[in-house]
Protein chains: 2
Amino acid sequence: MDVMTLPALTSHSLADQAYRALRAAIIGGDLRWGAKITERGLAASLGVSPTPVREALRRLEQEQLVERTGPRSLRVATVSPKARTESGIIEAALEGVAARFAAEKATERQLAELERLLDTADEAAFLLRADRDAGRTLNPVQVERIFDAVRTFHAGVEAAADNAQLARALEQVRAFSRNERLSIASAQLAVSSPGQLRRYGQHREILAAVRDGDPERAEQLARTHAASAAADLAGWDA
Amino acid sequence: MDVMTLPALTSHSLADQAYRALRAAIIGGDLRWGAKITERGLAASLGVSPTPVREALRRLEQEQLVERTGPRSLRVATVSPKARTESGIIEAALEGVAARFAAEKATERQLAELERLLDTADEAAFLLRADRDAGRTLNPVQVERIFDAVRTFHAGVEAAADNAQLARALEQVRAFSRNERLSIASAQLAVSSPGQLRRYGQHREILAAVRDGDPERAEQLARTHAASAAADLAGWDA
DNA sequence: TCTTTCTATATGCTATAGCAAATGGGACGA
DNA sequence: TCGTCCCATTTGCTATAGCATATAGAAAGA
């Protein structure tokens with residue numbers, strides 16, 4: 001038998017589903033930081049027995065998305081400013097490494113895709129600037145569009161780096177240092193804050209370095225870029 | 001009540017014990033790569049029911065120390081050369097970050113401890129060199145001593161960096177890219193291979209940069225140092 | 001000798017029951 | 001009003017049973 005499509009090894013066990021659901025709920029903000037959780041309570045909410053929920057909680061605990069307050073009590077992890085700063089440092093370093101290897105290994109097709117994404121983002125940014133200059137409220141569709149394009153750009157750089165372990169490490173650290181709420185807020189500010197605007201422009205510079213095959217410069221730019229974004233985020237919750 | 005000592009929150013649940021035992025067995029080589037494992041089998045070996053073992057296996061699976069070969073079968077993860085190389089890249093980058101922050105934040109006491117460790121290692125290295133020059137077999141006690149000192153040195157740099165997330169990320173990636181067997185072999189070669197000898201000398205350079213408070217240089221040296229070691233390890237299993 | 005088919009067994013997954021211990025609120029006392 | 005003690009309830013942890021399905025080896029055929 002020849003392999004035509006990947007076997008889709010997605011285990012659909014209840015434990016897996018519970019894990020994904022809880023993780024998404026925590027990162028997405030539906031389960032707020034510090035919220036008390038119980039195995040039986042979550043099991044009832046999800047409509048399953050406590051066993052698979054327990055398994056999911058263990059995995060989340062390993063990711064530090066769930067923490068213990070005592071021997072018999074759990075809660076959604078609270079992220080201290082210090083922890084957020086620490087994660088930001090790591091994230092920046094890893095993004096730098098991703099850009100470095102993207103510069104070494106990116107294919108022409110990948111480069112074209114990255115360029116297309118930035119064009120899309122620029123287009124949305126242009127429309128948003130028009131909104132702002134005319135005193136209109138920002139079009140949420142375009143806000144979402146620019147946000148998605150930028151996020152996909154970063155994902156594309158990681159993909160071009162072709163390092164599965166790196167992608168995995170980045171996903172871990174991101175889940176911890178960021179949540180969707182903050183990211184969306186960040187995107188909404190992207191067209192107004194001068195600092196954010198400058199940072200937005202850096203995407204083009206990173207891509208240029210990647211395209212030129214200049215790993216040193218690509219790493220330097222991407223790392224500074226990510227560190228700056230992380231520093232801003234860190235300043236938001238005093 | 002005032003806090004005198006930390007409460008020692010070490011949960012002694014069977015699931016935790018099973019996790020630690022299995023993790024140590026995998027990293028230490030007692031459970032070899034690719035070995036088939038079953039919940040019931042391990043449970044019998046450990047003398048507990050399958051439930052806590054299952055929990056441990058899930059956590060190990062999350063760390064990629066255990067992998068699935070099919071919907072109903074597990075084995076100790078096999079580490080491909082590619083994965084090892086990828087992890088080595090990440091490890092090097094993170095060790096560089098650790099050295100950078102150590103250079104920024106290390107206390108005098110920490111610097112003295114790092115120096116003491118390198119003195120200890122040098123002492124052992126001197127004795128081993130004497131063994132070699134005299135044609136004697138290397139004294140295993142001194143081999144162990146130099147190995148421990150170097151390992152503790154790296155741990156000390158991480159501690160000086162004072163970044164819990166970084167330490168955690170490093171532990172993850174190390175468990176994946178390295179095992180004790182290889183490390184010990186590496187230490188045994190430390191006094192004979194020219195490349196290893198040169199690398200051994202880099203510890204002093206890293207410490208000097210840290211002591212001088214030169215983050216840029218410290219990061220550069222530590223990263224190169226770790227990358228070189230990882231590259232050697234990667235070449236050992238064709 | 002190699003491939004395929006089939007079936008008995010083994011295995012992972014889920015639910016449930018029960019235990020020992022922590023938790024939290026209320027009663028009592030200062 | 002505040003702090004301490006106490007007990008009923010809750011909660012995490014473990015063991016066990018059973019189910020559906022994957023697995024591996026034997027048997028049959030090429």
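Here is the naming used below: chain letters follow the sequence lines, and residue numbers restart at 1 for every chain.
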(request) Please report, rounded to the nearest Å, how far the P atom of dT16(C) is from the CD atom of Glu39(A). (result) 15 Å
(message) Please confirm whether the shortest side-chain N or O distance from Arg72(A) to OP1 or OP2 of dG24(C) is below 4.0 Å.
(response) no
(request) Figure out the CD/P separation between Gln17(A) and dA15(C), and round it to whole Å. (result) 11 Å
(request) For Arg40(B) and for Ser73(A), locate the closest nucleotide of DNA chain C by heavy-atom distance; then report the residue assigned to the nucleotide nearer the 5' terminus. (result) Arg40(B)
(message) As a test of reading the structure: which of dT14(D), dT14(C), dG12(C) is closest to the side chain of Leu74(B), going by heavy atoms?
(response) dG12(C)
(message) From C-beta outward on Thr38(B), which listed nucleotide comes closest to its side chain: dA15(D), dG12(C), dA15(C)?
(response) dG12(C)
(request) Check the distance between dG12(D)'s C1' and Leu60(A)'s CG and give it to me in whole angstrom. (result) 16 Å
(message) Using a strict threshold of under 4.0 Å (side-chain N to carboxylate O), is an ion pair present between Glu113(B) and Arg109(B)?
(response) no
(request) State which of dT23(C), dA15(D), dA22(D) makes the closest approach to the side chain of Pro71(B). (result) dA22(D)
(message) Looking at Arg68(B), I'd like to know whether one of its side-chain N or O atoms comes within less than 4.0 Å of OP1 or OP2 on dC13(C).
(response) yes
(message) Can a donor-acceptor pair be found, under 3.5 Å and without considering hydrogens, that links the side chain of Glu158(B) to the backbone of Ala98(B)?
(response) no
(message) Once ring pair (Phe, Tyr, Trp, His ring centres under 6.0 Å) is applied, do any residues pair with Tyr19(B), and if so which ones, sequence neighbours excluded?
(response) none
(message) Can you measure Leu46(A) atom CG to dA15(C) atom C1' for me and round it to whole angstrom units?
(response) 15 Å
(request) State whether the number of non-hydrogen atoms from other residues, nucleotides or ligands found under 6.0 Å of Arg32(A) atom CZ is greater than 12. (result) no
(message) Rounded to whole Å, please give me the gap between CD in Glu55(A) and P in dC13(D).
(response) 13 Å
(request) By nearest nucleotide on DNA chain D, pick out whichever of Pro50(B) and Lys36(B) is the more 5' one. (result) Pro50(B)
(message) In this structure, how many angstroms lie between the P atom of dT21(D) and the CG atom of Leu14(A), rounded?
(response) 13 Å
(request) Would you kindly give the NE2-to-C1' distance between His12(A) and dA20(D), to the nearest whole Å? (result) 17 Å
(message) Taking 4.0 Å as the cut-off, does a side-chain nitrogen or oxygen of Arg54(A) come that near to OP1 or OP2 on dA15(C)?
(response) no
(request) Examine dT14(C): is either OP1 or OP2 under 4.0 Å from a nitrogen or oxygen in the side chain of Thr51(A)? Give yes or no. (result) no
(request) Measure from CG on Leu57(B) to P on dG12(C) and round the result to the nearest Å. (result) 8 Å
(request) Before giving the answer on side chain to side chain contact (heavy atoms under 4.5 Å, CB included), spell out for Asp16(A) and Arg59(A) the whole-Å C-alpha distance, their side-chain angles and the decisive distance to 0.1 Å. (result) CA-CA 10 Å; Asp16(A) 247 357; Arg59(A) 293 171 65 184; 2.8 Å; yes
